[in-house]
Amino acid sequence: MRLIWIVIGLVAVAAAIAIVPRLGNDGHTPRPGHPETVAASIALTYARAVQVGDAEIACGTMTIDAARAVGCGSGDPHPRACGDFSIPGTKVLAFERVRAAIRVGSCRVELVPGAQTEWAVAEVNAS
């Protein structure tokens, strides 16, 4: 009987270790030398390009589907602006081999591996 309680206790601890870090995930600053810095730099490039009104650069950071959705290639592209942002304020919300989520200003920038670049912006939402 005591063995069952030990096993239940260990399972509960393992579950807490897996779940607690995900609660209230405000993200972390990109770690120097870590591959997540590349995804963060693409997200920042997108945000800065929109901020200065260079839709061509912003569209160049996006996947084909994401670029089409915001009118890239048309006469009136409308990529989403991310408001005020800073490099130190940029946070990695998620980073995996096949996707990344970066908070830049008021945006949550979702990235996927790109066809021609290491990462490409797949979606931009309010954070």
Side-chain angles (χ1 to χ4, degrees):
M1 186 65 159
R2 190 183 311 188
L3 181 61
I4 291 174
W5 287 111
I6 292 172
V7 171
I8 290 172
L10 290 174
V11 169
V13 168
I17 289 171
I19 293 171
V20 170
R22 298 175 192 262
L23 299 175
N25 182 8
D26 289 336
H28 63 273
T29 303
R31 297 177 288 237
H34 191 277
E36 68 192 14
T37 59
V38 177
S41 69
I42 297 295
L44 282 163
T45 300
Y46 164 85
R48 181 67 175 147
V50 174
Q51 186 181 49
V52 300
D54 195 330
E56 186 176 335
I57 290 176
C59 291
T61 66
M62 302 176 88
T63 64
I64 293 171
D65 291 340
R68 282 188 189 136
V70 297
C72 294
S74 71
D76 185 32
H78 50 279
R80 178 183 175 80
C82 295
D84 289 335
F85 60 90
S86 67
I87 292 172
T90 299
K91 301 294 182 187
V92 176
L93 303 173
F95 184 80
E96 300 167 7
R97 230 178 79 237
V98 295
R99 74 172 198 88
I102 312 292
R103 187 177 66 229
V104 179
S106 62
C107 294
R108 178 185 173 105
V109 181
E110 301 282 341
L111 299 108
V112 295
Q116 297 178 347
T117 59
E118 194 167 340
W119 290 97
V121 175
E123 192 173 350
V124 180
N125 299 303
S127 70

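For the single chain, residues carry numbers from 1 onward in sequence order. These numbers come from a predicted model, not from an experiment.
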**Q.** Qualifying residue for side chain to side chain contact (heavy atoms under 4.5 Å, CB included) with Thr90, from Val109, Val104, Thr29
**A.**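 Answer to the side chain to side chain contact (heavy atoms under 4.5 Å, CB included) test with Thr90 among Val109, Val104, Thr29: Val104.
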
Please report the interatomic distance [atom1]([X]) to [atom2]([Y]), rounded to the nearest 0.5 Å.
X      : Y      : atom1 : atom2 : answer
Ile102 : Leu111 : CD1   : CG    : 6.0 Å
Cys72  : Asp65  : SG    : CG    : 12.0 Å
Glu36  : Leu93  : CD    : CG    : 10.5 Å
Ile57  : Thr45  : CD1   : OG1   : 8.5 Å

Please tell me if the side chains of [X] and [Y] come closer than 4.5 Å, counting only heavy atoms from C-beta onward.
X     : Y     : answer
Met62 : Val70 : yes
Phe95 : Pro35 : yes
Phe85 : Arg48 : yes

(Q) Looking at Cys82, is its backbone amide N or carbonyl O close enough to the side chain of Gln51 to form a donor-acceptor pair, meaning the two atoms are under 3.5 Å apart? (A)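 No; judged by distance alone, with no hydrogens or angles, the pair does not exist.
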
Q: Report yes or no: does Thr37 contribute a side-chain atom to a donor-acceptor pair with the main-chain N or O of Gly33 at less than 3.5 Å?
A: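 Not confirmed, Thr37 side chain does not pair with Gly33 backbone.
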
Name every donor-acceptor pair, under 3.5 Å, that has one atom in a side chain of residues 115-127 and the other anywhere in the protein, sequence neighbours excluded.
from   : atom 1 : to     : atom 2 : distance (Å)
Thr117 : OG1    : Trp119 : O      : 2.7
Glu123 : OE2    : Asn125 : ND2    : 3.1

Q. Tyr46, Ile64: one ILVMFWY side-chain cluster at the under-4.5 Å cut-off?
A.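 Different hydrophobic clusters.
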
Considering all heavy atoms, the nearest [X]-[Y] contact:
X     : Y      : answer
His78 : Ala69  : NE2-O, 3.9 Å
Ala58 : Ala49  : N-CB, 3.5 Å
Arg99 : Ala101 : NH1-CB, 4.2 Å

